[in-house]
Amino acid sequence: AEREQAEEETSLSDEILNLVRESEKRYRSFIENFHGIAFQCHLDFTPVFFQGAVEAITGYAEEDFLAGDPRWDQIIHSDDLHEYYKSMEKIRSVPGYSTEREYRILRNDGQIRWIHEIIQNICESSGSSQLVQGVLYDVTERKRAEEDRIRLSLAVEQSAESVMITEADGTIVYVNPAFGRITGYRRD
């Protein structure tokens, strides 16, 4: 009976080990293919873990951040740092607080990249914030596209040439101010 019990326990242990290995394999695959950065850190920016596309986004290796050189707040663009610190105060002081924010960072090679961050604090049973965790994504291309769209919109609005956009059936959906000056019709 003891031998059978030991075999059952060994079999159960093997099953648990296999489940743990499988779970670790899925986690590792997720992180290796993740196009953002997953992180958890102390409130002083000291990382507990910092994984994902760290080098692709920041130009620094994961190990650099884990060693504290640089700290995340040290690569934030100086024009965005005040707002970043202001939102960190809420993260530090409001239990269960979470937010999304966008700001710029300076890569190791000097390039400026836009970051979209989703962050939340993790509280102890006492309710005090101890850690923050979240994900970071590089949204530089989206920001550039938005800026291009704004520039194009301003150029069309300020153009001396008439610009009109219609639906396939001929319904006018947009005209610029020059259209009215040239045709004598009001925009509306």
Side-chain angles (χ1 to χ4, degrees), residues 16-154 157:
I16 292 171
L17 272 174
N18 285 336
L19 288 172
V20 168
R21 285 184 188 125
E22 196 60 36
S23 177
E24 182 178 311
K25 195 167 136 183
R26 282 191 305 272
Y27 169 77
R28 205 173 288 294
S29 174
F30 173 77
I31 290 299
E32 288 171 358
N33 295 295
F34 186 51
H35 294 288
I37 299 170
F39 68 91
Q40 190 175 68
C41 64
H42 297 282
L43 296 176
D44 67 353
F45 303 103
T46 307
V48 175
F49 75 85
F50 203 76
Q51 297 177 333
V54 176
E55 195 158 351
I57 292 173
T58 68
Y60 294 93
E62 290 176 18
E63 296 78 27
D64 295 335
F65 288 103
L66 292 172
D69 187 27
R71 286 190 337 246
W72 186 256
D73 62 325
Q74 292 174 325
I75 68 168
I76 295 174
H77 193 283
S78 60
D79 292 346
D80 300 336
L81 204 50
H82 176 73
E83 285 299 315
Y84 181 85
Y85 282 136
K86 199 163 88 173
S87 70
M88 281 305 293
E89 284 308 309
K90 278 190 171 179
I91 289 169
R92 286 186 177 108
S93 62
V94 179
Y97 182 77
S98 65
T99 190
E100 293 185 37
R101 55 193 179 180
E102 290 187 353
Y103 52 86
R104 293 164 292 175
I105 63 166
L106 294 173
R107 282 177 41 93
N108 193 15
D109 60 9
Q111 288 182 37
I112 296 174
R113 306 300 291 179
W114 276 95
I115 298 298
H116 180 91
E117 180 179 49
I118 303 169
I119 188 170
Q120 69 182 52
N121 64 24
I122 303 171
C123 301
E124 287 186 332
S125 57
S126 66
S128 64
S129 300
Q130 295 300 310
L131 297 170
V132 293
Q133 67 183 10
V135 290
L136 306 160
Y137 298 97
D138 184 337
V139 294
T140 304
E141 294 308 314
R142 177 182 55 91
K143 285 292 205 178
R144 286 184 183 147
E146 287 172 2
E147 290 169 1
D148 289 347
R149 184 189 54 77
I150 290 168
R151 279 192 292 275
L152 179 59
S153 178
L154 286 172
E157 281 290 306

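What's counted below: heavy atoms across the whole structure, side chains too, no hydrogens, waters or symmetry copies.
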Roughly how far, to the nearest 0.5 Å, is CG of Asn108 from CD of Glu55?
-> 8.5 Å

Would Val135 and Phe39 satisfy side-chain contact (heavy atoms from CB on, under 4.5 Å), going step by step from the backbone distance to the final call?
-> CA-CA 6 Å; Val135 290; Phe39 68 91; 5.6 Å; no

Compare all side-chain heavy atoms of Glu62 with those of Gln51 and state whether any distance is below 4.5 angstrom.
-> yes

Can you find a pair of side-chain heavy atoms, one from Thr99 and one from Ile119, that are under 4.5 Å apart?
-> yes

In Å, rounded to the nearest 0.5 Å, how long is the span from CG of Leu131 to CG of Asn121?
-> 9.5 Å

Pair Glu141 + Arg144, salt bridge at N-O below 4.0 Å | yes

If you take all heavy atoms of Pro47 and Cys41, which pair is closest and at what distance?
-> CA-CB, 3.6 Å

Determine the interplanar angle of the Phe65 and Tyr60 rings, folded into 0 to 90°, and report it as parallel if under 30°, tilted if 30 to 60°, perpendicular if over 60°.
-> perpendicular

Exercise: identify the closest heavy-atom pair between Ser93 and Pro95 | O-CD, 3.3 Å

Does the pair Trp72 and Leu136 meet the rule for a side-chain contact (heavy atoms from CB on, under 4.5 Å), with working shown?
-> CA-CA 11 Å; Trp72 186 256; Leu136 306 160; 3.6 Å; yes

Counting distance only, does the side-chain N/O of Thr140 pair as donor-acceptor with the main-chain N or O of Trp114 below 3.5 Å?
-> yes

Any salt bridge between Glu89 and Lys86, counting N to O under 4.0 Å?
-> no

Does a salt bridge link Lys143 with Glu102, judged by any charged N lying under 4.0 Å from a carboxylate O?
-> yes

Check: Arg101 and Tyr84 side chains under 4.5 Å, non-hydrogen atoms = yes

Should Glu63 and Phe50 be marked as a side-chain contact (heavy atoms from CB on, under 4.5 Å) after you check the CA-CA gap, both sets of side-chain angles, and the distance that decides it?
-> CA-CA 9 Å; Glu63 296 78 27; Phe50 203 76; over 6 Å; no

Donor-acceptor pair, Gln74 side chain versus Arg71 backbone, under 3.5 Å?
-> yes

Taking Asp64 for the side chain and Ala61 for the main chain, is one N or O donor matched with an acceptor at less than 3.5 Å?
-> yes

Would you call Arg142-Glu147 a salt bridge at under 4.0 Å N-O?
-> no

Does a donor on one side chain sit under 3.5 Å from an acceptor on the other, for Thr58 and Arg107?
-> no

Close side-chain approach of Ile122 and Gln130, heavy atoms under 4.5 Å | no

Grab the two heavy atoms, one from Leu106 and one from His77, that are nearest each other, plus how far apart they are.
-> CD2-CD2, 4.2 Å

CG (Leu19) and CD (Glu22) are apart, to the nearest 0.5 Å, by 8.5 Å

What distance separates Gln133 CD from Ile91 CD1, expressed to the nearest 0.5 Å?
-> 11.5 Å

Let me know which of Val139, Ile105, Ile75 forms a side chain to side chain contact (heavy atoms under 4.5 Å, CB included) with Arg113.
-> Ile105

With distance as the sole criterion, is a donor-acceptor pair present between the side chains of His116 and Glu100 under 3.5 Å?
-> yes

Indicate yes or no: at least one non-hydrogen side-chain atom of Tyr103 is less than 4.5 angstrom from one of Asp79.
-> no

Between OG on residue Ser87 and NE2 on residue His82, distance to nearest 0.5 Å = 10.5 Å

